[in-house]
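The next block holds one structure in the form of structure tokens; read it before the comments.
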2 protein chains.
Amino acid sequence: MNQRQFVAGDKSGDGGGRPGKNGDGPKRHEAIYQSISDAIIEHRLKPGARLREDALAEVFGISRTGIRKILQRLALEQLVTLTPRRGASVTRPTADEAKDVFDARLMVECGLMPEIARRITAEDLVALRDMAQRERQALKSGEQSTAIRLSADFHTRLASISGNATLADFVERLCSRSSLILAVYGNAGHLGCESHDHDDLIGYLEAGNGERAEAFMGRHLKAIEASLSIHVEEDEAPDLFEIFSG
Amino acid sequence: MNQRQFVAGDKSGDGGGRPGKNGDGPKRHEAIYQSISDAIIEHRLKPGARLREDALAEVFGISRTGIRKILQRLALEQLVTLTPRRGASVTRPTADEAKDVFDARLMVECGLMPEIARRITAEDLVALRDMAQRERQALKSGEQSTAIRLSADFHTRLASISGNATLADFVERLCSRSSLILAVYGNAGHLGCESHDHDDLIGYLEAGNGERAEAFMGRHLKAIEASLSIHVEEDEAPDLFEIFSG
DNA sequence: ATATCGATCATTGTATACGCTTTTCGGCCC
DNA sequence: GGGCCGAAAAGCGTATACAATGATCGATAT
């Protein structure tokens with residue numbers, strides 16, 4: 001699927017962006033937000049990539065005002081970094097941030113498991129299995145972007161079963177950031193979740209065994225974190241003295 | 001009802017808002033954000049209060065553009081609610097949201113306790129004791145706003161000791177929202193944390209007893225939640241049939 | 001030839017202008 | 001007298017214009 005999901009035809013329909021043409025504003029903005037967010041999560045926009053307001057405005061056929069709003073939202077979710085007077089760029093997570101994110105996931109996603117095991121329905125199980133299967137398939141056929149997206153969606157969907165919207169939202173953000181972390185510190189070929197892991201987890205949940213699911217999720221997340229190659233590359237302000245004093 | 005806590009003298013300094021006068025922009029925006037955020041957390045702006053962009057723009061001496069940016073940030077933190085075409089108002093949390101927020105606090109704040117007990121320093125203890133004492137004093141002298149603010153600050157500061165910026169940030173948001181919840185469901189006179197609770201908690205942490213601190217925090221939060229009077233007032237779309245069919 | 005300084009250019013920050021929607025108030029009809 | 005409809009006003013959504021700042025490239029001097 002090509003990623004031209006933003007409808008470029010819509011802007012030409014009004015004869016050149018007549019101002020004041022209101023109406024489907026909120027929906028369009030949400031769609032643009034999703035487009036950019038997806039592109040980042042799927043690594044089609046890589047960490048460090050600059051996001052110029054003019055360019056985005058032209059691409060999506062709205063003015064810079066709307067783009068800025070979307071960029072600010074993405075910045076609050078820490079998917080993009082807003083540098084004063086320099087503009088927006090895709091966030092390049094530090095090693096510390098990566099550790100924080102995975103520690104947070106460990107605490108929250110594991111803590112949620114018992115409640116999820118209690119509340120999970122047959123419908124949920126069907127949806128989760130479908131996602132897990134599609135993820136495995138994507139992984140096998142080399143569609144990395146799709147696999148990454150499905151993996152994040154799996155964890156997010158799981159959290160939403162808990163019924164706690166606040167925590168589910170938090171997990172969703174953490175998964176988005178994890179995707180960025182994988183882009184920077186992940187080894188090619190071994191990206192994130194082992195596919196059968198998710199299937200195993202579904203099994204524990206179907207059996208209503210929250211404690212095993214919790215323990216398994218813990219190992220699962222620790223395995224992902226362990227698979228990262230966190231070379232503490234201090235790109236900015238290298239210690240020249242130490243480098244040249246040997 | 002006019003709150004003049006903002007510095008109005010600063011805006012008159014440039015002779016009437018000359019456009020393009022740049023320079024201290026970011027700092028000023030942050031200050032305005034803090035002003036509004038504080039007013040909400042301290043219950044000086046009550047849930048449901050409308051926040052008109054024009055009025056705020058005039059009050060703070062910047063244009064609506066900047067105000068909108070700040071309002072959107074507050075909306076993402078769920079302190080204000082943005083209704084399309086209707087503008088912004090202070091969020092009135094639902095009973096469900098209140099439950100979610102306290103469940104989240106229970107999980108995260110308790111889960112953080114062992115690590116906090118491990119990392120807490122003498123300096124932290126001094127700061128925490130100071131806050132707890134000031135909170136008790138404010139409570140005694142009837143300064144509700146100050147007490148609420150200090151209570152939220154206490155929990156936030158505590159979380160930051162864990163060293164996990166992501167989770168600390170999450171706790172900060174949860175505390176802000178808790179303040180809103182107290183404004184809607186709290187009983188007057190018995191607001192939030194019992195003051196000596198915080199002192200007891202500090203004691204456990206100083207002793208390095210993370211497990212007792214965790215258990216105590218659990219009771220503490222449950223006590224706050226239990227003190228709420230959550231009458232499930234379904235203001236919007238009341239079920240008239242049920243009401244009049246008896 | 002290279003380094004530094006200056007000018008132009010590219011890009012963001014902020015304000016303002018204008019259209020559209022919603023609300024409210026007044027008049028009219030029932 | 002009360003309710004409904006219409007018009008005016010108020011307030012939000014979006015685009016555009018302008019200014020300031022940081023970056024880049026070129027010229028000049030050493």
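Letters go in sequence order (proteins before strands), and every chain restarts at 1. Scope of the values below: all heavy atoms of this structure, side chains included, with no hydrogens, waters or symmetry mates.
Closest contact between the side chain of B:K69 and the listed nucleotides D:dG13, C:dT14, C:dT12 involves C:dT14. Listed nucleotides D:dG13, D:dG22, D:dA17 differ in distance to A:R64; the shortest reach to its side chain belongs to D:dA17. Residue A:E53 has its side chain nearest to C:dT12 when only C:dT21, C:dT12, D:dT14 are considered. Looking at the side chain of A:I62, the nearest of the listed nucleotides C:dA15, D:dA15, C:dT14 is D:dA15.
Of the listed residues (B:R28, B:E77, B:K69), just one forms a side chain to side chain donor-acceptor pair (under 3.5 Å) with B:Y33, and that residue is B:E77.
The residue A:R86 sits close only to the backbone: its heavy atoms come under 4.0 Å of sugar-phosphate atoms, none of a base. At the heavy-atom level, A:R52 lies under 4.0 Å from the strands shown only through sugar-phosphate atoms.
Summarising the geometry, the separation between CZ on A:R50 and C1' on D:dT24 is reported as 12 Å, rounded to the nearest angstrom. Atom CD1 of B:I70 and atom P of C:dG13 are 14 Å apart (whole Å). Between A:L71 atom CG and C:dT11 atom P there is a gap of 14 Å when expressed in whole angstrom units. One interatomic measurement links the two molecules: NE2 of B:H29 to P of C:dT12, which rounds to 16 Å at whole-angstrom precision. Put simply, CG on B:D54 is 15 Å from C1' on C:dT22, counting in whole angstrom units.
Under a 4.0 Å N-O distance rule, the pair A:R157/A:D124 qualifies as a salt bridge. A salt bridge does not link B:E58 with B:R52: every distance from a Lys NZ or Arg NE/NH1/NH2 to an Asp or Glu carboxylate oxygen is 4.0 Å or more. Taking the charged nitrogens against the carboxylate oxygens, A:R92 and A:E97 have no contact shorter than 4.0 Å, which rules out a salt bridge.
Contact between the side-chain N/O atoms of B:S63 and the OP1/OP2 oxygens of C:dA15 is found at a separation under 4.0 Å. Side-chain N/O atoms of B:R68 include one lying less than 4.0 angstrom from OP1 or OP2 on D:dG13.
Nearer the 5' end of DNA chain D, as judged by each residue's closest nucleotide, is the contact made by B:G87, out of A:P84 and B:G87.
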**Report entry** Check against side chain to side chain donor-acceptor pair (under 3.5 Å), A:E225 and A:Y185
**Finding:** CA-CA 10 Å; A:E225 189 178 5; A:Y185 301 107; over 6 Å; no
